[in-house]
Amino acid sequence: MKENMKKIEETMRLSISEVFEKMFYIFLEPLDDESDEYDMEAAIRFEGSLSGEIRTLLSIEMAKAMIQNMLNIEEDKITGHDIEDCLKEAVNMICGNFLGKFDSAKVFNLSMPVFSEPSLFKKEGVEGLSDEKSRDSGLSGNICRMDFDSDSGRICVIIEVS
Amino acid sequence: MSFNVLIVDDSNSMRAVIKKIISISGFKIDQCVEAGNGKEALEALTDNWVDVIVSDINMPEMNGFELLKSLKEDDLLKNIPVILITTESSEERMQDAFNLGAKGFIKKPFTPEEVKKILYEVIGVNNEGEYEEDRGDNEAFDF
């Protein structure tokens, strides 16, 4: 499983970079240190020869930069719905891209992405929300966390496989 | 020659991106109709005639595959070319879509150039935006 997690992490890093560079014109730098200073998250579950959940955590500044870059709109025109829509789409793309790279011969079923309210997130912090969600979803497998920095802010992507 | 396009995606952002790319790609667009899922797309097609459909696969209510099946069962709509947008790229899933009659794939994440290329191939226009009469089917597939 350890070898598999290494392959999962390497493939995830490729997919995350590809999605952010192609769709949002944001270039990410890997970070060694972890931060809990995130405002929101989007998550998606996948099932197939590999099953689990991917969560993407971001600051509000990063989310706004993604929307501005993707849609070429001004910051004061961005709505809460735009942010939710964009982050759900981002985690959906990361998941699909990752699974295609991980095993293109297999078919995976993807759930509809879920967006978490910033207020709930701030209250519980990264680890608190993770434990809560793991209990709810029944996941108890291996977890890999990746933190990135960019000119627009930081993001964190967590993949948990069962 | 100008075209009517139907964009089907549950994400407003993604519809806006596709619409923007089409508008700057050199196509002459008469009308760009939008729908949030397959069901809304079928409803939109009762009032609008389109030359090409660009549809996401993973959508609530009616997904892209179900939309394709419904189109192929309708004598009036079965010949409208459909380009599927997908985050998934499994060979089996793409073959399923091909068997259902999809004419091309746009894999997310995509660049504007990739979208333009597939649109040109499926609609049958060259890089100068001129319509090409003589072309084979399914040229857009790239397994």
Side-chain angles (χ1 to χ4, degrees), chain A residues 14-26 42 44-50 54 63 66-73 77-115, chain B residues 7-24 34 36-39 54-66 84-100 105-118 141-143:
Chain A
L14 282 176
S15 295
I16 294 161
S17 295
E18 193 176 331
V19 167
F20 274 80
E21 287 173 21
K22 271 191 169 181
M23 295 305 299
F24 306 111
Y25 308 102
I26 290 173
I44 190 167
R45 290 182 54 76
F46 54 93
E47 286 180 0
S49 57
L50 184 73
I54 294 172
M66 289 164 68
I67 295 162
Q68 283 182 281
N69 290 358
M70 184 166 78
L71 300 178
N72 194 25
I73 58 175
K77 300 261 169 48
I78 296 171
T79 66
H81 185 265
D82 290 335
I83 290 172
E84 177 174 343
D85 188 59
C86 180
L87 297 197
K88 282 158 77 172
E89 195 56 44
V91 77
N92 186 36
M93 282 189 278
I94 290 169
C95 185
N97 189 278
F98 161 72
L99 295 171
K101 281 182 168 56
F102 187 79
D103 192 347
S104 66
K106 298 275 170 51
V107 173
F108 293 89
N109 293 316
L110 275 60
S111 72
M112 299 306 293
V114 177
F115 179 79
Chain B
I7 302 170
V8 191
D9 200 308
D10 56 319
S11 162
N12 291 342
S13 308
M14 201 47 64
R15 290 204 305 270
V17 169
I18 299 277
K19 193 175 175 181
K20 190 163 278 182
I21 291 172
I22 292 174
S23 72
I24 61 170
E34 295 183 41
N37 56 51
K39 200 175 166 187
V54 181
S55 175
D56 189 20
I57 292 179
N58 195 18
M59 296 180 290
E61 296 237 17
M62 181 187 274
N63 67 34
F65 281 110
E66 291 165 334
L84 289 176
I85 316 169
T86 176
T87 57
E88 301 163 73
S89 52
S90 82
E91 289 146 20
E92 189 181 329
R93 191 61 61 93
M94 289 172 80
Q95 191 60 50
D96 287 347
F98 171 70
N99 293 339
L100 282 170
F105 272 105
I106 298 170
K107 288 183 195 172
K108 293 188 224 175
F110 50 73
T111 62
E113 288 71 28
E114 288 166 350
V115 176
K116 272 174 67 174
K117 184 172 180 285
I118 299 292
F141 278 91
D142 181 20
F143 288 101

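The analysis underlying the following values was restricted to heavy atoms, covering all of them including side chains, and did not include hydrogens, waters or symmetry mates.
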* Asked: Heavy-atom distance under 4.5 Å to chain A: side chain of B:P60, backbone, both or neither?
  -> both

* Asked: Of all heavy-atom pairs between A:E89 and B:M14, which one has the smallest distance, and what is that distance?
  -> CG-CE, 3.3 Å

* Structure fact -> Residues B:N12 and A:D85: closest non-hydrogen pair is N-OD2, 3.1 Å

* To do: Report yes if the side chains of B:D10 and A:K88 come closer than 4.5 Å at any heavy-atom pair, otherwise no.
  => no

* Proximal component of B:K20, with respect to chain A [non-hydrogen, under 4.5 Å] -> side chain

* For residues B:P109 and A:N97, report the shortest heavy-atom separation together with the two atoms involved. => CD-ND2, 3.3 Å

* Structure fact -> On a heavy-atom basis, the closest approach of A:A105 and B:E91 is CA-OE1, 4.4 Å

* Asked: Which answer fits A:Y25, side chain, backbone, both or neither, if we ask what part of it has an atom under 4.5 Å from a heavy atom of chain B?
  -> side chain

* Structure fact -> With chain B, the option among A:I67, A:L71, A:V19 that has the most non-hydrogen atom pairs under 4.5 Å is A:L71

* Look at atom NZ of B:K39 and say whether more than 12 heavy atoms of other residues, nucleotides or ligands are closer to it than 6.0 Å. => no

* To do: Please state whether the side chain, the backbone, both or neither of B:D9 comes within less than 4.5 Å of a heavy atom of chain A.
  => side chain

* Structure fact -> Honestly, the part of A:N92 sitting under 4.5 Å from a heavy atom of chain B is both

* To do: Can you measure from CE (A:M93) to OG (B:S11) and round to the nearest 0.5 angstrom?
  => 8.0 Å

